[in-house]
There are 2 protein chains.
Amino acid sequence: MLSFTEENYLKSLFQLTVESNEKVEAGTNEIAAHLGVKPASANDMLKKLKDKKLIHYEKYGKSTLTKEGRKYALEIVRKHRLWETFLYEKLEFSWDEVHEVAEQLEHIQSKKLIDKLDKFLNYPEVDPHGDAIPNAKGELEISQRKSLLEEEIGHACKMVGVKDNSAAFLQYVDSIGLSINQIIRIKAREEFDDLLEIEVNGKKNRVSPKFAENIIITCSECNRLRKN
Amino acid sequence: MLSFTEENYLKSLFQLTVESNEKVEAGTNEIAAHLGVKPASANDMLKKLKDKKLIHYEKYGKSTLTKEGRKYALEIVRKHRLWETFLYEKLEFSWDEVHEVAEQLEHIQSKKLIDKLDKFLNYPEVDPHGDAIPNAKGELEISQRKSLLEEEIGHACKMVGVKDNSAAFLQYVDSIGLSINQIIRIKAREEFDDLLEIEVNGKKNRVSPKFAENIIITCSECNRLRKN
DNA sequence: TATAATTGTTAGGCTAATCTAACAAATTTA
DNA sequence: TAAATTTGTTAGATTAGCCTAACAATTATA
Ligand SMILES: [Mn+2]
Ligand SMILES: [Mn+2]
Ligand SMILES: [Mn+2]
Ligand SMILES: [Mn+2]
């Protein structure tokens with residue numbers, strides 16, 4: 001049985017590697033920053049998790065999850081996202097409130113609880129932020145995702161999530177009329193300042209590259225091409 | 001903010017005093033036994049909780065909750081019993097499975113979560129074991145309860161709870177056809193060995209005093225008398 | 001009421017998870 | 001490639017919560 005803290009380290013490493021588009025391994029400082037602890041603390045824990053064969057770690061090297069570590073991480077991610085879905089769908093929590101509470105609920109230990117919750121929610125595939133929920137076998141559907149910034153001009157895509165989960169950003173997103181499953185069409189990119197002109201529900205908006213980078217989308221037009 | 005452990009001590013003290021029929025204060029060894037720790041550990045914590053003004057404690061004396069401590073204890077009890085109700089009513093948990101998981105869920109910190117859960121469950125008054133659930137203001141309805149052992153011969157009473165929460169006992173209870181809100185009629189008391197003859201759903205059974213002592217009931221016949 | 005049994009306390013240690021401060025390795029930059 | 005910067009490690013301390021072993025106070029019993 002893993003401690004609350006060990007679980008949080010595995011989840012962080014999962015997010016920084018498996019679920020990251022840029023990297024497949026993470027450095028000690030990076031992990032520490034992600035968890036809000038000092039590098040010395042993270043270093044201690046990395047050695048401990050290596051001893052438990054949950055991560056690959058070598059002195060002065062980058063870290064990754066072992067198969068076993070990934071299994072645990074997926075369980076935590078599954079719990080986190082199912083609880084978020086529960087709070088959103090059943091308890092009238094708003095989009096930007098669910099994460100904080102799910103950070104606690106994800107550590108409740110009961111196989112039966114999480115499988116019954118899954119059933120109660122009718123086996124949802126994505127959480128309120130559009131992130132995929134691992135199934136009971138720990139399989140995570142990897143859909144072809146990218147940020148709005150990377151989308152082709154002229155394409156219509158579907159918003160499936162966000163990268164930044166801060167309440168401030170989520171409220172900004174709401175204010176533009178964006179939400180999960182919303183269709184976004186890229187009209188143009190402004191040469192002068194790189195702002196993207198997008199259309200949401202027939203309404204035009206200009207968004208910054210920083211904003212666009214934090215909106216996750218899938219594009220069926222691009223996916224179709226990619227298949228070949 | 002109280003720690004997980006501090007919360008458990010307050011809850012134990014609540015159960016051993018406020019919710020006990022025998023005593024209104026608890027000794028160090030008793031508290032330790034209830035929590036499954038050594039008296040030395042409990043002693044440390046009692047001193048700490050006294051410093052925080054959550055309990056009344058004097059060296060070599062018995063302990064009780066302060067007003068402030070009772071407030072926290074009631075919150076934890078409220079959360080515990082609401083979660084038990086959720087597991088039982090919404091997730092198809094059985095009567096004897098809910099307690100263990102609720103021991104974990106009772107420590108989740110979110111005022112909004114628990115109030116929304118209360119609403120979702122339609123403001124239940126008792127948990128699956130028949131124990132009263134404190135309301136959002138921390139008020140606990142004290143109904144006139146006693147054990148089956150104390151009931152008058154000839155009276156019909158209603159089962160509202162159990163004292164022993166062990167899975168073994170709960171399964172025994174089930175096997176006799178007993179459950180919450182079940183009507184029990186006391187037919188007779190056997191002079192020879194003190195067994196109680198009861199009738200449940202038209203079926204007769206003999207139960208031991210030890211068994212009867214662990215079944216909590218209310219009796220409207222007795223209550224009516226008591227009102228005057 | 002003296003002795004025995006019970007109950008409660010203290011001192012000193014242990015572990016998990018954190019920190020700071022000093023240092024060492026690796027990488028970047030000039 | 002040497003120096004500077006960044007990144008990672010170590011040693012030593014701290015805190016919460018627990019333990020054992022020794023002891024002290026209280027209560028029950030002879
Ligand atoms: Mn989240
Ligand atoms: Mn967490
Ligand atoms: Mn319970
Ligand atoms: Mn608890």
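Computed from a predicted model, the values in this text were never measured in an experiment. Every heavy atom of this structure was used, including side-chain atoms; hydrogens, water molecules and symmetry mates were not. Chain A is the first sequence line, chain B the second, and so forth, proteins listed ahead of strands; every chain is numbered from 1.
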Rounded interatomic separation in angstrom, taking [atom1] from [X] and [atom2] from [N]:
X: Asp44(A); N: dT10(D); atom1: CG; atom2: P; result: 9 Å
X: Lys52(A); N: dA16(C); atom1: NZ; atom2: P; result: 8 Å
X: Glu25(A); N: dG8(D); atom1: CD; atom2: P; result: 10 Å
X: Met1(B); N: dT15(D); atom1: CE; atom2: P; result: 21 Å
X: Leu46(A); N: dT7(D); atom1: CG; atom2: P; result: 16 Å
X: Met45(A); N: dA16(C); atom1: CE; atom2: P; result: 10 Å
X: Leu2(A); N: dA16(C); atom1: CG; atom2: C1'; result: 14 Å
X: Asn43(B); N: dT6(C); atom1: CG; atom2: P; result: 20 Å

Ser41(A) side chain, from C-beta outward: closest of dG8(C), dC19(D), dT18(C): dT18(C)
Among dT18(C), dC18(D), dT10(D), the nucleotide that comes nearest once only the side chain of Ala40(A) is considered: dT10(D)
List for me each residue that meets salt bridge (charged side-chain N to carboxylate O under 4.0 Å, His left out) alongside [X], sequence neighbours excluded, and say none if there are none.
X: Glu58(A); value: Lys50(A)
X: Lys90(B); value: none
X: Lys23(B); value: Glu30(B)
X: Lys111(B); value: Asp115(B)

Interface with DNA chain C, restricted to residues 29-39 of chain A and to heavy atoms under 4.0 Å: Val37(A), Lys38(A)
Centroid-centroid distance, Phe4(B) to Phe4(A), less than 6.0 Å: no
Set out, line by line, the N/O atom pairs under 3.5 Å between protein and nucleotides 24-27 of chain C.
unit_1	atom_1	unit_2	atom_2	d
dA25(C)	O4'	Tyr60(A)	OH	3.4

Within 45° cone and under 6.0 Å: Lys112(B) NZ/CZ vs Phe93(A) ring: yes
Side-chain N,O ([X]) to OP1/OP2 ([N]) below 4.0 Å:
X: Thr28(B); N: dT9(C); value: yes
X: Lys62(B); N: dG8(C); value: yes
X: Tyr57(B); N: dT9(C); value: yes

With Tyr9(A) via ring pair (Phe, Tyr, Trp, His ring centres under 6.0 Å) - residues at least two apart: none
Set of residues satisfying side-chain contact (heavy atoms from CB on, under 4.5 Å) with respect to Pro124(A), sequence neighbours excluded: Leu82(A), Thr85(A), Asp118(A), Leu121(A), Ile133(A)
Please list, one pair per line, the donor and acceptor atoms closer than 3.5 Å that link side chains of residues 167-174 of chain A to other protein atoms, with sequence neighbours excluded.
unit_1	atom_1	unit_2	atom_2	d
Gln171(A)	NE2	Asp96(A)	OD2	3.2

